Amino acid sequence: MNCPDVRPLLSAHLDEELDVVNDAAVASHLENCPTCAAAALALADQRRRRQEKLTRHRAPAELAAQIRAALPPASRVTSAAVPWWPGWSRAVPLAAGMALALLAGFSWGGNRARANALAGELTAAHVRARLTGHVIDVASSDRHTVKPWFANKVDFAPFVPDLAAQGFPLAGGRLERLGGRTVATLVYSRRQHSIDLHVWSGGPAPVAAPVRRDGYALVGWRSGDLNYSAVSDVAPEELAAFASLFQAAR
Amino acid sequence: MTPPFEQSMLPHLDAAYNLARWLLRNEADARDSVQEAYLRAFKAYDRFRGGDGRAWLLTIVRNVCYSQLRRAQRTPAPEEFDELQHTPMNDTPDAVARLGRELDTARLDAALAALPMEMREVIVLHELEGLAYKEIAAVAGIPLGTVMSRLARARLRLQREVRAQIFPEGKT
């Protein structure tokens, strides 16, 4: 690739939206062409400045109420009736059996309902945190700050890899209470979005297959004794990429 | 099974409002359009299959805004946006630095407001709302390649507008 080929692709390259082949070609050109590399830096700098400075208008406070008032009551929020956690502390053998079944792909109906309830609760936690502004208890992009913060709060040590170079910088962590259990939640950023990664020890495994729920993407996996469930409003493919990177970082 | 309407759509209210506010460049119109979009979304909700709720809603918001603009074109166009007010200050250095930062926002906002609609919307959707190219393609109803080239051009144009804000005489 030469300069005239590369220039129109720089913008998409910075956004990590190019296909693999073109992206590699652009990257290798940038290594050898100081002029294009400078142009890429300028573009990145301008984008960062805009993201920091441009006004993101927030809906006036009364607008949600006005919209709600105009809708019939049947559309109102209902809480999930199916408990996704079957009495966590006293149900370990049962839970372990179920974990295998869950990982095997939810072949039976009860599990599907429970997985649905889990997906609902994880999504609700993600939305609730953003509505109340309680997204992060410990704000740091340094994993050596975030990991020890959990030390006295949960009975396991969550694995906190640094994925900034891959486009998922760490933003911090918080504690969640899910299914009557304390869950360590790592928060990673992706552009203007954030990803909640809930980590808990023991109990049934998280929703294994990627799913979408209320416009949010979910993906879960199990590693060692720990269960992981990631929830975000990024595109499902991006969340899947995050999950692979996280697991590969082990 | 799709979740209740409010649960899946109200979390995207800020995104809906921000898009409408930037497309219409006017608070009252943005508010009306968002409200209308939510009502339309509610009526069409049985056709929503539980995919990307935000992109689905933003598509409707965008359609409502475009209709609103087409209606408005029949009436005399209002002032597009306020000129930057460079008020001279004799204040503490702190206040001056703070004003500098706020002016920076005003300047960038004005530059974005001056972009043609189809460029403005890709910038808002990508840089402010963080939509992936694929989602923008769905919202704006254009091919992925168009999203890519339009966003690249919009960024260059925006940078020119910023420069024009700083050097209104056309000097560089």
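What you are looking at is a predicted structure, and each value in this text was computed from that prediction instead of being measured. In what follows, chains are A, B, ... by sequence order, proteins preceding strands, each numbered from 1.
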Say you draw a straight line from [atom1] of [X] to [atom2] of [Y]; how long is it, rounded to the nearest 0.5 Å?
X      : Y      : atom1 : atom2 : value
A:R191 : B:L128 : CZ    : CG    : 12.5 Å
B:L108 : A:K53  : CG    : NZ    : 8.0 Å
B:L131 : A:H193 : CG    : NE2   : 6.0 Å

If you count heavy-atom pairs under 4.5 Å between each of [options] and chain B, which one has the most?
options                    : answer
A:P60, A:A42, A:A124, A:P8 : A:P60
A:E237, A:R58, A:Q51       : A:R58
A:R7, A:R49, A:E52, A:R190 : A:R49
A:T55, A:L43, A:L18, A:L63 : A:T55
A:D15, A:D233, A:I67       : A:D15

Between A:T123 and B:Q7, is a side chain to side chain contact (heavy atoms under 4.5 Å, CB included) present by the stated rule, with each step listed?
-> CA-CA 10 Å; A:T123 309; B:Q7 190 181 339; over 6 Å; no
Side chain from CB out, backbone as N, CA, C, O: work out which of these in [X] comes under 4.5 Å of a heavy atom of chain A, or both, or neither.
X      : result
B:E127 : both
B:A15  : both
B:L13  : both

Closest non-hydrogen atom pair between [X] and [Y], with its separation:
X      : Y      : answer
B:P11  : A:Y216 : CB-OH, 3.5 Å
B:M148 : A:A12  : CG-CB, 3.5 Å
A:R50  : B:R155 : NH2-CG, 3.4 Å

Among residues 19-38 of chain A, residues within the sub-4.5 Å heavy-atom range of chain B, in order of number, are none
Looking at B:I123, B:V162, B:D109, which one has more heavy-atom pairs under 4.5 Å with chain A than the rest?
-> B:D109
Report yes if the side chains of [X] and [Y] come closer than 4.5 Å at any heavy-atom pair, otherwise no.
X     : Y      : result
A:L54 : B:T105 : no
A:R56 : B:D14  : yes
B:E27 : A:H57  : no

If contact means a heavy atom pair closer than 4.5 Å, which residues of residues 34-41 of chain B contact chain A?
-> B:V34, B:Q35, B:Y38, B:L39
Let me see the working for A:E238 and B:K134 under salt bridge (Lys or Arg N to Asp or Glu O under 4.0 Å), right down to the final yes or no.
-> CA-CA 11 Å; A:E238 288 192 279; B:K134 209 173 117 187; over 6 Å; no
